[in-house]
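To keep things clear, I will list the structure first and then write my remarks on it.
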Amino acid sequence: MEEKKFILDYMNTCSDFLKKIDISTEAIQSKKMILNTISNGRKLLFAGNGASASIANHASLDFTKQGKIRSINFNESAFITAFANDYGYENWVENAFKFHAKKGDTAILISSSG
């Protein structure tokens, strides 16, 4: 029963936190930005680091497959290591965007750790 209490306490803590923040304005702005990207025939570009790379990868696939929205992600290991090797780890995403982004594309950078 101790495990169940832990899980319920954790869920309640998360719920209480989510009730305190209002991201509705940002969510509406994001939706408009994505719809504008689509209507202009542009694409979504996703990137993340560590576990966030997996989230970015999955999101990109969902937007493409489920949403029928053209999107790509920069989270393939050879891609990352090649760009990091040539431009520095702190600059690889910037340079990936220089190569692949076009005016009107939308960048979505994922950070699940803050």
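Remember, it's a predicted structure, so these values are computed and weren't measured experimentally. All values below were derived from every heavy atom in this structure, side-chain atoms included, with hydrogens, water molecules and symmetry-related copies excluded.
Note on Asp9 versus Lys5: salt bridge recorded, some NZ/NE/NH1/NH2 to OD/OE distance being below 4.0 Å.
Within a 6.0 Å radius of CG in Leu18, other residues, nucleotides and ligands contribute more than 12 heavy atoms.
By the rule that hydrophobic residues join a cluster once side-chain heavy atoms approach within less than 4.5 Å of another member, Leu44 and Met33 end up as members of separate clusters. Linking ILVMFWY side-chain heavy atoms closer than 4.5 Å, directly or via other members, places Leu45 and Ile69 in two distinct hydrophobic clusters. There is a path of hydrophobic side-chain contacts, each under 4.5 Å, that joins Leu35 to Ile108. Grouping the Ile, Leu, Val, Met, Phe, Trp and Tyr side chains by contacts below 4.5 angstrom, directly or via other members, places Phe99 with Ile72.
Defined by atom type and a distance below 3.5 Å, a donor-acceptor pair is present between the side-chain atoms of Asn57 and Asn73. Side-chain contact check for Ser52 and Ser111: no donor-acceptor pair (N or O, by modelled atom type) lies under 3.5 Å.
In this structure a side-chain-to-backbone donor-acceptor pair under 3.5 Å is missing from Thr64 to Leu61. Side-chain N or O atoms of Asn40 include one that pairs as donor or acceptor with a backbone N or O of Asn36 at under 3.5 Å. Side-chain atoms of Asn95 come within 3.5 Å of backbone N or O of Asn91 as a donor-acceptor pair. A donor-acceptor pair is defined here as one N or O able to donate and one able to accept, closer than 3.5 Å; no such pair exists between the side chain of Ser15 and the backbone of Met11.
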Given the rule in the side chain to side chain donor-acceptor pair (under 3.5 Å) test, do Asp16 and Asn12 qualify, once you have shown the distances and angles that lead to the verdict? CA-CA 6 Å; Asp16 291 344; Asn12 286 329; over 6 Å; no
Side chain to side chain contact (heavy atoms under 4.5 Å, CB included) evaluation trace for Ile55 with Phe46: CA-CA 9 Å; Ile55 296 168; Phe46 288 83; over 6 Å; no
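Of all heavy-atom pairs between Ser60 and Ser71, the closest is O-OG, 2.8 Å. Closest approach of Ala47 to Asn75, counting heavy atoms only: CA-ND2, 3.9 Å. Here the closest heavy-atom approach between residue Ile110 and residue Ala56 is recorded as CG1-CB, 3.7 Å.
Between Phe83 and His100, the ring planes are tilted. Angles from 30° to 60° get that label. The aromatic rings of Tyr89 and Trp92 sit tilted, their planes meeting at an angle between 30° and 60°. Using the six-membered ring where Trp is involved, Phe97 and Phe74 have ring planes that are perpendicular, over 60° apart on the 30 and 60° scheme.
Here SG of Cys14 is found 12.0 Å from NZ of Lys19. Values are rounded to the nearest 0.5 Å. Once rounded to the nearest 0.5 Å, the distance linking NZ of Lys31 with CD of Glu26 reads 15.5 Å.
Residue Arg42 is tested with Asp105, Thr106, Thr37 for a side-chain hydrogen bond (donor to acceptor under 3.5 Å, both in side chains); the sole match is Asp105.
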